[in-house]
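Side chains are part of it too, since the values below use all heavy atoms of this structure and drop only hydrogens, waters and symmetry mates.
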Amino acid sequence: MDIEEGVQLLTVEGMVTNGPGPHLVKLSRSDTYGSIYEGLVRPVAGATVIVRDQTGKVIFLEEDLENRGDYYTSEDFSAEVGNTYTLQIQLVDGTVYSSLPETLPSVPEIQEINYQVKQIPVEGELNPDSGVQFLVDIEDPEGEDNYYYWKKGPSMYILETRPDLYIIPPPSRQPAPKDCCISCYRSEQVSNYSIFIANDDTFNGLSSRIPAAFVLDDGLRFVNQYRIDIEQYSISAGAYRFLRLVKQQVELSGSVFDPPPANIRGNMVSLDHPDEVVLGYFMAAGETSKRVYVDATKLDFVQGRTIIADDCRVVDGAQTERPSDWNP
């Protein structure tokens with residue numbers, strides 16, 4: 001696919017599910033192929049974004065004015081299994097884009113989540129990187145083609161710090177131990193560095209255990225208790241093919257924005273300029289999730305503890321109050 005050097009490609013990343021809203025559509029442009037700003041992502045603001053189902057019902061998305069380019073449905077909108085959805089976008093210059101229709105499939109429940117340590121050799125380093133790999137047990141429906149996609153949901157862990165080692169910042173640099181606090185509950189959203197997908201070609205109708213997520217051990221997460229929600233999606237064959245190509249590209253080049261051998265086109269098209277290359281994919285997916293707690297004492301390998309010489313409450317997302325839904 002021939003693309004002019006430095007051209008700004010519209011990228012669409014969006015999904016609606018049968019889970020609770022709001023659902024997000026992200027619009028951006030990235031400079032590629034020879035631009036001095038290669039890889040720079042610019043949000044696309046001020047667009048009109050709607051989702052339409054096969055009956056003609058229209059759902060309007062509103063832009064987050066604090067995070068331009070992010071468009072959300074209302075919290076009370078949930079897509080329905082069996083319905084077909086189309087994303088339509090009109091930019092401020094009047095250019096109109098549309099997705100191909102996506103039908104929302106049903107999704108089986110996650111029966112159980114298991115976990116194990118995974119070590120990753122690092123070239124030139126004696127000690128490996130490591131983390132926890134999560135594997136889901138599912139009962140695949142028989143007699144139909146199913147395509148799965150997993151993402152990491154919200155996570156939380158008990159953060160332990162050393163306020164007794166606190167030192168006043170320069171120029172003083174004097175020890176000034178603090179009395180509080182050594183233990184907090186820290187919430188975070190861990191980035192999805194890898195893409196976890198599967199189709200049921202080899203396990204149609206069978207019980208299967210499949211890798212669904214990996215969380216890097218940073219010396220903080222797996223000192224005490226850690227929990228995470230694993231999100232499971234049933235997606236269309238087209239969405240699966242798109243994600244598989246993106247996964248291959250990322251694993252080869254290290255970044256989705258690195259110039260690939262050929263750009264990956266999704267299901268978005270320009271109604272005004274049919275030959276325009278539009279990146280990304282709009283998905284309609286069946287959604288389910290399950291929560292799992294990891295007890296660090298049951299891991300057979302962990303990284304050396306990272307020392308934070310301060311009150312744990314100064315760390316972003318940390319609180320001393322035990323959350324009401326913390327139930328290892």
Visitor: Is there a donor-acceptor pair closer than 3.5 Å between any side-chain N or O of T161 and the backbone N or O of D310?
Guide: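 Indeed, once roles are kept as given, a pair shorter than 3.5 Å links the two residues.
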Visitor: Taking the side chain as every heavy atom from C-beta outward, state whether M156 and E188 have any pair of such atoms under 4.5 Å apart.
Guide: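 Result no, sub-4.5 Å side-chain heavy-atom pair not found.
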Visitor: Stepwise, does the side-chain hydrogen bond (donor to acceptor under 3.5 Å, both in side chains) test hold for S74 with D76?
Guide: CA-CA 5 Å; S74 62; D76 60 1; 2.5 Å; yes
Visitor: Do you know which two heavy atoms are closest between I195 and K247, and how far apart they sit?
Guide: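 In terms of heavy atoms, the two residues are closest at O-NZ, 2.7 Å.
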Visitor: Can you find a heavy atom in the side chain of R52 that is under 4.5 Å from one in the side chain of Q88?
Guide: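 Yes, close enough: below the 4.5 Å cut-off.
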Visitor: Taking all heavy atoms of F203 and all of Y148, pick out the closest pair and write down the distance.
Guide: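 Taking F203 first and Y148 second, the nearest heavy atoms are CE1-CE1, 4.0 Å.
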Visitor: Indicate yes or no for a side-chain donor-acceptor contact from T306 to the backbone of L220 under 3.5 Å, with no hydrogens or angles considered.
Guide: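 Not a single qualifying donor-acceptor pair exists.
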Visitor: Regarding Q232 and T288, do their side chains bring together a donor and an acceptor under 3.5 Å, going by distance alone?
Guide: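 No, no side-chain donor-acceptor contact under 3.5 Å.
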Visitor: For residues Y166 and D311, is any side-chain donor paired with an opposing acceptor at under 3.5 Å?
Guide: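 No pair is found: no donor N or O on one side chain lies under 3.5 Å from an acceptor on the other.
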Visitor: Determine whether the aromatic ring centres of residues W326 and Y185 are separated by less than 6.0 angstrom.
Guide: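 Yes, they do, as the ring centres are separated by less than 6.0 Å.
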Visitor: Taking everything shown except R68 itself, do over 12 heavy atoms lie less than 6.0 Å from its CZ?
Guide: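 More than 12 heavy atoms, drawn from other residues, nucleotides or ligands, come within 6.0 Å of this atom.
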Visitor: Please identify which of these residues, Y147, Y149, Y281, meets the ring pair (Phe, Tyr, Trp, His ring centres under 6.0 Å) condition with F242.
Guide: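 Of the listed residues Y147, Y149, Y281, the ring pair (Phe, Tyr, Trp, His ring centres under 6.0 Å) partner of F242 is Y281.
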Visitor: Could you go through N224 and E160, starting from their C-alpha distance and side-chain angles, then the distance that decides it, and tell me whether this counts as side-chain hydrogen bond (donor to acceptor under 3.5 Å, both in side chains)?
Guide: CA-CA 8 Å; N224 197 309; E160 296 184 358; 2.8 Å; yes
Visitor: Heavy atoms, side chains only, cut-off 4.5 Å: are L10 and L279 in contact?
Guide: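 Counting from C-beta outward, L10 and L279 never come under 4.5 Å.
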Visitor: Would you say the side-chain atoms of E63 pair up with the backbone N or O of G46, donor to acceptor, closer than 3.5 Å?
Guide: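 Flag set: sc E63 to bb G46 pair under 3.5 Å.
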Visitor: Quick one: sort the F222 and Y226 rings into parallel, tilted or perpendicular, breaks at 30° and 60°.
Guide: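 Aromatic pair F222/Y226 classed tilted.
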Visitor: Less than 4.5 Å apart, side chain to side chain, heavy atoms only: is that true for Y157 and V223?
Guide: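 A side-chain contact under 4.5 Å is absent here.
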Visitor: Would you call P141 and S106 a side-chain contact if the rule is heavy atoms closer than 4.5 Å?
Guide: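 Heavy-atom side-chain distance check fails, nothing below 4.5 Å.
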Visitor: Is the closest side-chain donor-acceptor distance between T103 and T84 under 3.5 Å?
Guide: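 Yes, side-chain donor-acceptor contact under 3.5 Å.
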Visitor: Could you check whether any side-chain N or O of D129 sits under 3.5 Å from a backbone N or O of Q119, counting only pairs where one atom can act as donor and the other as acceptor?
Guide: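 No: the side chain of D129 does not pair with the backbone of Q119.
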Visitor: Check whether any side-chain heavy atom of P128 lies under 4.5 Å from a side-chain heavy atom of F301, and answer yes or no.
Guide: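 Of all side-chain heavy-atom pairs linking F301 with P128, at least one is under 4.5 Å.
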Visitor: Okay, side chain of D217, backbone of S130: is any donor-acceptor separation there less than 3.5 Å?
Guide: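 A pair under 3.5 Å: no.
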Visitor: Do other residues, nucleotides or ligands put more than 12 heavy atoms under 6.0 Å from L91 CG?
Guide: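 Enclosed: over 12 neighbouring heavy atoms sit under 6.0 Å from CG of L91.
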Visitor: Is the distance between the SG atoms of C184 and C312 less than 2.5 Å?
Guide: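 Cysteines C184 and C312 qualify as a disulfide pair, their SG atoms being under 2.5 Å apart.
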Visitor: Taking atom CD as the centre, does E62 end up with more than 12 heavy-atom neighbours from other residues, nucleotides or ligands that are less than 6.0 angstrom away?
Guide: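 Open: at most 12 neighbouring heavy atoms sit under 6.0 Å from CD of E62.
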Visitor: Mind listing the closest non-hydrogen atom pair of P163 and C180 along with its distance?
Guide: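 Looks like CB-O, 3.9 Å.
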Visitor: Quick check: closest heavy atoms across Y293 and R227, and the distance to 0.1 Å?
Guide: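 Distance-wise, the nearest heavy atoms are OH-NH1, 3.2 Å.
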Visitor: Donor-acceptor check, side chain of K152 to backbone of Q189, threshold 3.5 angstrom: yes or no?
Guide: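 Checking the backbone N and O of Q189 against the side chain of K152, no donor-acceptor pair under 3.5 Å is found.
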Visitor: Between Q90 and Y97, is any side-chain donor less than 3.5 angstrom from a side-chain acceptor?
Guide: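 Not at all, the side chains of Q90 and Y97 share no donor-acceptor pair under 3.5 Å.
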Visitor: side-chain hydrogen bond (donor to acceptor under 3.5 Å, both in side chains) for E102 and S236? Distances and angles first, verdict last.
Guide: CA-CA 7 Å; E102 284 273 298; S236 67; 3.0 Å; yes
Visitor: Checking the side chain of R186 only, and the main-chain atoms of G317 only, is there a donor and an acceptor separated by less than 3.5 Å?
Guide: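 No, R186 side chain to G317 backbone: no donor-acceptor pair under 3.5 Å.
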Visitor: So, for I235 and A285, which heavy atoms are closest and what is the spacing to 0.1 Å?
Guide: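 Between these two residues, the closest heavy atoms are CG2-CB, 4.0 Å.
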Visitor: Is the backbone of S208 close enough, under 3.5 Å, to the side chain of D140 for a donor and an acceptor to pair up by distance?
Guide: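 A pair under 3.5 Å: no.
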Visitor: Got a donor-acceptor contact below 3.5 angstrom from the Y85 side chain to the E80 backbone?
Guide: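 Checked: pair present.
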Visitor: Tell me whether the count of non-hydrogen atoms from other residues, nucleotides or ligands lying under 6.0 Å of CG in D179 goes above 12.
Guide: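 At most 12 heavy atoms, drawn from other residues, nucleotides or ligands, come within 6.0 Å of this atom.
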Visitor: Is the Y72 to H23 ring centre distance short of 6.0 Å?
Guide: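 No: the rings miss the under 6.0 Å criterion.
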Visitor: Strictly by modelled atom types, are D93 and T95 linked by a side-chain donor-acceptor pair under 3.5 Å?
Guide: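 Side-chain D/A pair, D93 to T95: present.
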Visitor: Could you tell me whether the side chains of Q303 and D218 share a donor-acceptor contact shorter than 3.5 Å?
Guide: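 No pair is found: no donor N or O on one side chain lies under 3.5 Å from an acceptor on the other.
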Visitor: Would you say CZ of R173 has more than 12 non-hydrogen atoms from neighbouring residues, nucleotides or ligands within 6.0 angstrom?
Guide: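 Not more than 12 within 6.0 Å, no.
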Visitor: Does N18 reach the main-chain N or O of E287 with its side chain, forming a donor-acceptor pair under 3.5 Å?
Guide: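 Yes; at least one donor-acceptor contact below 3.5 Å.
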Visitor: To check you understand the geometry: which heavy-atom pair defines the closest contact between N204 and G143, and what is its length?
Guide: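 Taking every non-hydrogen atom into account, OD1-N, 3.0 Å.
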Visitor: Could you check D64 against N67 for side-chain hydrogen bond (donor to acceptor under 3.5 Å, both in side chains), going step by step and ending with a plain yes or no?
Guide: CA-CA 5 Å; D64 183 345; N67 296 283; 3.1 Å; yes
